[in-house]
Amino acid sequence: GLKIATIGGGSSYTPEIVEGFIKRYDELPVKDLYLVDIEEGKWKLDIVGALAQRMVEEAGVDMKIHLTLDRREAIKDADFVTTQFRVGLLDARIRDEKIPLRYNCIGQETTGAGGLAKALRTIPVILDICKDIEELAPDAWLINFTNPSGIITETINKHTNVKSIGLCNVPVLMHMISADILGVDRNDVRMDLVGLNHLVWGRDVIYKGESKIDEVIERTLSGNIETVKNVANIPWGDDLLKSLGMLPCPYHRYYYLTDNMLQEEIEAAKTKGTRGEVVKKVEAELFELYKDPNLKVKPKQLEQRGGQYYSDAACNLISSIYNDKGDIHYLNVKNNGTVDCLPDDSAIERTCYVDKEGAHPLNVKPLPSKVKGLLQVVNEYESLAVEAGVYGDYDAALQALVIHPLVESSIAKPLLDDIIKENLDYLPQF
Ligand code: NAD
Ligand code: G6P
Ligand code: MN
Ligand code: MN
């Protein structure tokens, strides 16, 4: 039987991963699922853990749910470790959204200055987790969701010996939406997807060997299709989409429609609150539901969260590795020459073939200038973020913001100083 350790087990998304393991029990017999959290999140772990327990009983599968604050106990001899923790919880996210807005700068939890702040808090923790894995479960796979997922994957690859793969639900949603637009079975579609996490382009949508990207773009022009709940669904503009000739991911709006997105954020902050503030309310409602002893399945209301399907993608991936399936996933992996205009040790998000050896990114034709420019600069921003996070290198952090396309360079220093000051409790490296 398999042992899985999920770090950040108190997450409101946990019922989805539990459902994922229950559904696949025949092909993926998870005997022990360790949900790990910290003192601050213990109340969440207790509620969601009790629900997980009821779900397993209701389904009648032989899966033991262990709730623990002892990470090492959970990691010891695990086959897979999944990470879904949020350092500083939602209050830290809300600060990441609000600090940049003071400077009239995009305030988003993964993209731009807020993403750098989240990376700086998360890197020390992921490095500690990796030390535990190196010592206690050196053969385990680490499946990371913790954002910023690309930067965290790159940190693990550059600075540890842990086998790891990063995941995001955005490519999964792009795949589903493209198939739905074409009106075909989702299993018959494959996307040629390439870029970085939250900066990934759908270069093609292939249906039974045929390119369908033009049709998908045509249909995206007329409709205003929502991909994720947490990014305002502002229309792309026909000229932009036609000239791009690819499917942008929802987060591209921060780059392609910067002013509109900024105005939308300023307006939202004044009225309904930032996304983090909205999520705080959603989360409170979810935990009220989770407390109900009669609830024995994943509730529908979880769909209000932007990360839906992410744990299902994790279960799928784990099953493909475990069962040596040789099927296709969209993953964050080491570039290793796949994208010729990026360094080998950068993390890319790419269509991958997965078997028991892990993830193998498919070859990529050279990228055109319209994609390459933005891709390279954001990639270098990410490398600087890794340096800053690992070594507490102030100059690297400052240059990360200076070169970031969403940060006006003259505000980089005061913005960074605010970020460091307001996160000091979580920045042992600084
Ligand atoms: P959350 O606020 O519910 O946090 C999950 C848990 O992490 C909490 O219970 C918290 O106590 C715990 N935690 C904090 N620090 C910890 C530590 N050092 N060790 C162990 N546990 C710790 O967060 P959430 O909304 O469920 O999201 C969790 C993470 O997953 C975030 O980083 C989020 O950005 C990410 N996420 C990624 C995707 C994706 O597409 N990759 C999708 C959804 C969420
Ligand atoms: C998206 C992203 C995730 C992100 C989530 C936020 O789908 O892919 O990386 O964590 O949405 O959702 P939330 O409900 O927390 O705003
Ligand atoms: Mn994501
Ligand atoms: Mn800049």
Side-chain angles (χ1 to χ4, degrees), residues 1-25 27-42 44-53 55-56 61-87 122-147 149 152-153 155-157 160-167 307 310-323 331-332 356 358-359:
L2 284 158
K3 173 174 177 178
I4 310 245
T6 296
I7 320 276
S11 163
S12 54
Y13 291 107
T14 293
E16 191 178 280
I17 205 162
V18 173
E19 184 191 75
F21 289 134
I22 290 174
K23 269 198 317 211
R24 292 174 183 77
Y25 191 79
E27 62 177 62
L28 189 70
V30 176
K31 295 285 180 205
D32 293 284
L33 176 60
Y34 280 74
L35 302 175
V36 188
D37 216 288
I38 52 171
E39 198 52 52
E40 251 180 305
K42 186 174 181 302
K44 297 177 64 180
L45 181 68
D46 287 342
I47 295 171
V48 88
L51 170 58
Q53 185 61 48
M55 289 174 70
V56 163
V61 294
D62 176 21
M63 187 191 307
K64 221 166 166 294
I65 305 284
H66 308 259
L67 308 183
T68 181
L69 304 187
D70 182 351
R71 186 173 76 203
R72 289 171 62 84
E73 171 204 14
I75 288 176
K76 191 174 180 358
D77 301 325
D79 298 288
F80 293 88
V81 178
T82 74
T83 43
Q84 51 175 36
F85 59 93
R86 183 189 297 282
V87 180
T122 307
I123 287 172
V125 177
I126 199 74
L127 291 176
D128 273 355
I129 292 171
C130 287
K131 276 195 203 125
D132 287 348
I133 298 175
E134 285 167 353
E135 182 193 330
L136 302 166
D139 295 327
W141 282 97
L142 171 57
I143 312 292
N144 178 66
F145 285 108
T146 298
N147 277 314
S149 187
I152 300 307
T153 299
T155 302
I156 299 166
N157 288 340
T160 80
N161 296 315
V162 172
K163 298 187 289 186
S164 96
I165 298 176
L167 260 179
Y310 88 85
S311 359
D312 205 54
C315 296
N316 252 342
L317 172 63
I318 290 172
S319 183
S320 290
I321 296 173
Y322 178 71
N323 291 304
L331 303 169
N332 285 267
K356 67 178 186 318

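In this chain, numbering begins with 1 at the start of the sequence shown.
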Can you tell me how far the [atom1] atom of [X] sits from the [atom2] atom of [Y], to the nearest 0.5 Å?
{"X": "Met55", "Y": "Met63", "atom1": "CE", "atom2": "CE", "value": "9.0 Å"}
{"X": "Lys76", "Y": "Asp70", "atom1": "NZ", "atom2": "CG", "value": "12.0 Å"}
{"X": "Ile165", "Y": "Ile143", "atom1": "CD1", "atom2": "CD1", "value": "4.5 Å"}
{"X": "Thr83", "Y": "Asn147", "atom1": "OG1", "atom2": "CG", "value": "10.0 Å"}
{"X": "Asp128", "Y": "Ile133", "atom1": "CG", "atom2": "CD1", "value": "11.0 Å"}
{"X": "Leu28", "Y": "Leu2", "atom1": "CG", "atom2": "CG", "value": "5.5 Å"}

For a quick test of reading the model, state the closest non-hydrogen atom pair linking [X] to [Y] and the distance between them.
{"X": "Ala78", "Y": "Ala74", "value": "CB-O, 3.9 Å"}
{"X": "Asp62", "Y": "Lys31", "value": "OD2-NZ, 3.5 Å"}
{"X": "Val18", "Y": "Ala52", "value": "CG2-CB, 3.8 Å"}
{"X": "Asp37", "Y": "Gly10", "value": "OD2-N, 2.8 Å"}

Given side chains that start at C-beta, do those of [X] and [Y] come closer than 4.5 Å, heavy atoms only?
{"X": "Lys23", "Y": "Asp312", "answer": "yes"}
{"X": "Phe85", "Y": "Ile129", "answer": "yes"}
{"X": "Leu69", "Y": "Leu45", "answer": "yes"}
{"X": "Val81", "Y": "Val162", "answer": "no"}
{"X": "Tyr310", "Y": "Leu167", "answer": "no"}
{"X": "Ser149", "Y": "Asn144", "answer": "yes"}
{"X": "Tyr34", "Y": "Ile75", "answer": "no"}
{"X": "Tyr322", "Y": "Asp79", "answer": "no"}

**Request:** Please say whether more than 12 non-hydrogen atoms of neighbouring residues, nucleotides or ligands are located less than 6.0 Å from NZ in Lys42.
**Result:** no
**Prompt:** Has Lys163 got more than 12 heavy atoms of other residues, nucleotides or ligands less than 6.0 Å from its NZ?
**Reply:** yes
**Request:** For side-chain contact (heavy atoms from CB on, under 4.5 Å), just list the numbers for Ile123 and Leu127, CA-CA rounded to whole Å, side-chain angles, deciding distance to a tenth of an Å, and then say yes or no.
**Result:** CA-CA 6 Å; Ile123 287 172; Leu127 291 176; 3.9 Å; yes
**Asked** Got a donor-acceptor contact below 3.5 angstrom from the Lys44 side chain to the Gly8 backbone?
**Response** no
**Request:** Say whether, by atom type as modelled, one donor and one acceptor occur between the side chain of Ser319 and the main chain of Cys315 under 3.5 angstrom.
**Result:** no
**Message:** Please determine whether side-chain contact (heavy atoms from CB on, under 4.5 Å) holds for the pair Val48 and Tyr13, giving the CA-CA distance in whole Å, both sets of side-chain angles, and the decisive distance to 0.1 Å.
**Reply:** CA-CA 9 Å; Val48 88; Tyr13 291 107; over 6 Å; no
**Prompt:** Hey, are Thr14 and Gln84 close enough side-chain-wise for a donor-acceptor pair under 3.5 Å?
**Reply:** yes
**Prompt:** Would you call Asp132 and Arg71 a salt bridge, using N to O less than 4.0 angstrom?
**Reply:** yes
**Asked** Can you list every side-chain hydrogen bond (donor to acceptor under 3.5 Å, both in side chains) pair that touches residues 134-143, not counting sequence neighbours?
**Response** Arg72-Glu135
**Verdict with reasoning, Asn157 to Ser164, per side-chain contact (heavy atoms from CB on, under 4.5 Å)** = CA-CA 7 Å; Asn157 288 340; Ser164 96; 3.8 Å; yes
**Message:** Run the side-chain contact (heavy atoms from CB on, under 4.5 Å) test on Ile318 and Thr82 for me, step by step, so that the C-alpha distance in whole Å, both residues' side-chain angles and the decisive distance to 0.1 Å come before the verdict.
**Reply:** CA-CA 10 Å; Ile318 290 172; Thr82 74; 4.0 Å; yes
